[in-house]
Amino acid sequence: MQALSPSTPNNHMRPSLARRMGRQPVTTVRVVRCIYRSDPVNFPNGIGSNRADWQSSCAILNASSKNISREDQPTEGGRADHVAAVNGHNSAVDLNLVPIDASKSSPPVAPQPPKPLTITDLSPAPMHGSQLRVAYQGVPGAYSEAAAGKAYPNCEAIPCDQFEVAFQAVELWLADRAVLPVENSLGGSIHRNYDLLLRHRLHIVGEVQLPVHHCLLALPGARKEFLSRVISHPQALAQCEHTLTKLCPQAAREAVDDTAGAAEYIAANNLRDTAAIASSRAAELYGLQVVSDGIQDDSGNVTRFVMLAREPIIPRTDRPFKTSIVFAHDKGTSVLFKVLSAFAFRNISLTKIESRPHRNCPIRLVDDANVGTAKHFEYLFYIDFEASLAEVRAQNAMAEVQEFTSFLRVLGSYPMDMTPWSPSSSKVD
Ligand SMILES: O=C(O)C(=O)C[C@]1(C(=O)O)C=C[C@@H](O)C=C1
């Protein structure tokens, strides 16, 4: 089976099911022009230069207007005001977008003098986040939806059919935050999402670590001995690899876009020979039965998600902060030790280091007249360190790192998730 995506035939069933759930997944579309009505979260005083820019650069999007034309793929590297991700045909209502009709526009009102910016205008809303619109990849019941709820209780979670679309939803003010899984304690890093962090200009403003408790789900009455395949997100398949071999050795494993989408697909197509790895909430939402509960290979299975916003938060020192950076050097990996020592000398702990291919310059050739040409792979390095950028030691470390690197970007300086440890229990039958 192909992965569920906007272009695959499977996709036709997803909007209908999502509609049953009360909302449609965000898909990639081209919006002609749009206006943003209000942003109570980022600009509670009703003022902000970003919003003004946005208003002047955009005009009309009407939920029912014919101005929206669907496209299968987002424009690669396209400008934010050309490509939008909106929610189905009722999007304008859901997303606070209002039509402008010049003939019916209200009478002119005296211009209001701008209110001075305050510190709250500059800093995104705190983590309790009511009314925050949070874009996530997947359909209701996905772990990313649960992560959005953990980070921002009472938020409005907006399903998106791709991670790329979740980024665009924030860039285009259709959502206030995006939630992005970056690593799992069993499956490791989600590499593609590291690449997306660099390709887009959003800022990391928070993190949550979510215990991930997987279930094997099938249609009511289905027996695990007769299952011929198990479908899920590749990370979920990896996290249950050994347990699955014991439970259903006969079943083939197939990757799809998200865990809950796998459950939805089985229900929509009445597949009696197929099971999904997904959450118990997905079982409830799509009417499936839990064949086995707690099938992750380790009871302490945890996925780390980062929260992304258009603006960075102001780093503080009154609680534990983490900072994420990415860097490269035109002399390659030889600078890595120097960069790491900038943190070590200041007693700053690193919590994560990841390397990704340097796509702009993947290979560096070093000619040696005597022995020939060495071909070195080039990397971008992602580092998370345990300090706030408001701390002098972190600022000094960064100044030193800047000297050693040819490219350096701060992805965000944000509060660490310090919630109590509650591992998901393993309950395999
Ligand atoms: O498919 C989902 O439910 C997701 O939210 C995605 C995702 C991931 O990308 O890692 C999130 C958490 C789990 O680790 C498995 C899958």
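Whatever order the structure lists ligands and atoms in, that order sets their numbers, starting from 1.
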* To do: Check the side chains of Ser189 and Lys352 for a donor-acceptor pair under 3.5 angstrom, ignoring hydrogens and angles.
  => yes
* Qualifying residue, where the test is side-chain contact (heavy atoms from CB on, under 4.5 Å) with Tyr414 and the options are Pro315, Pro312, Ser324 -> Ser324
* To do: Mind telling me whether Phe385 and Phe343 have parallel, tilted or perpendicular rings, with 30° and 60° as the class edges?
  => tilted
* Numbered atoms of ligand 1 (with element) below 4.0 Å of Gln235, judged on heavy atoms -> 10 (O)
* Asked: Are the aromatic rings of His214 and Tyr143 close, with centres under 6.0 Å apart?
  -> yes
* salt bridge (Lys or Arg N to Asp or Glu O under 4.0 Å) between Glu164 and Arg199, worked out -> CA-CA 10 Å; Glu164 182 87 45; Arg199 189 135 34 100; 3.2 Å; yes
* Looking at atom 11 (C) of ligand 1, what's its closest protein heavy atom, distance included? -> Phe305 CZ, 3.9 Å
* Asked: What part of Glu145, side chain, backbone, both or neither, has a heavy atom within less than 4.0 angstrom of ligand 1?
  -> neither
* Under a heavy-atom criterion of less than 4.0 Å, does Gln137 contact ligand 1? -> no
* Asked: Which of the numbered atoms in ligand 1 are below 4.0 angstrom from a heavy atom of Thr303?
  -> 12 (C), 13 (C), 14 (O)
* List the closest protein heavy-atom neighbour of atom 5 (O) of ligand 1: residue, atom name, distance to the nearest 0.1 Å. => Ser144 OG, 2.6 Å
* Asked: So which bit of Thr259 gets within less than 4.0 Å of ligand 1, heavy atoms only: side chain, backbone, both or neither?
  -> both
* **Contacting atoms of ligand 1, where contact means under 4.0 angstrom from a heavy atom of Pro181** => 8 (C), 9 (O)
* Asked: Roughly how far, to the nearest 0.5 Å, is the OG1 atom of Thr274 from the CG atom of Asn269?
  -> 9.0 Å
* Asked: Which part of Ile190 is near ligand 1, with near meaning a heavy atom under 4.0 Å away: side chain, backbone, both or neither?
  -> side chain
* **Donor on one side chain, acceptor on other, His200 and Gln168, under 3.5 Å** => no
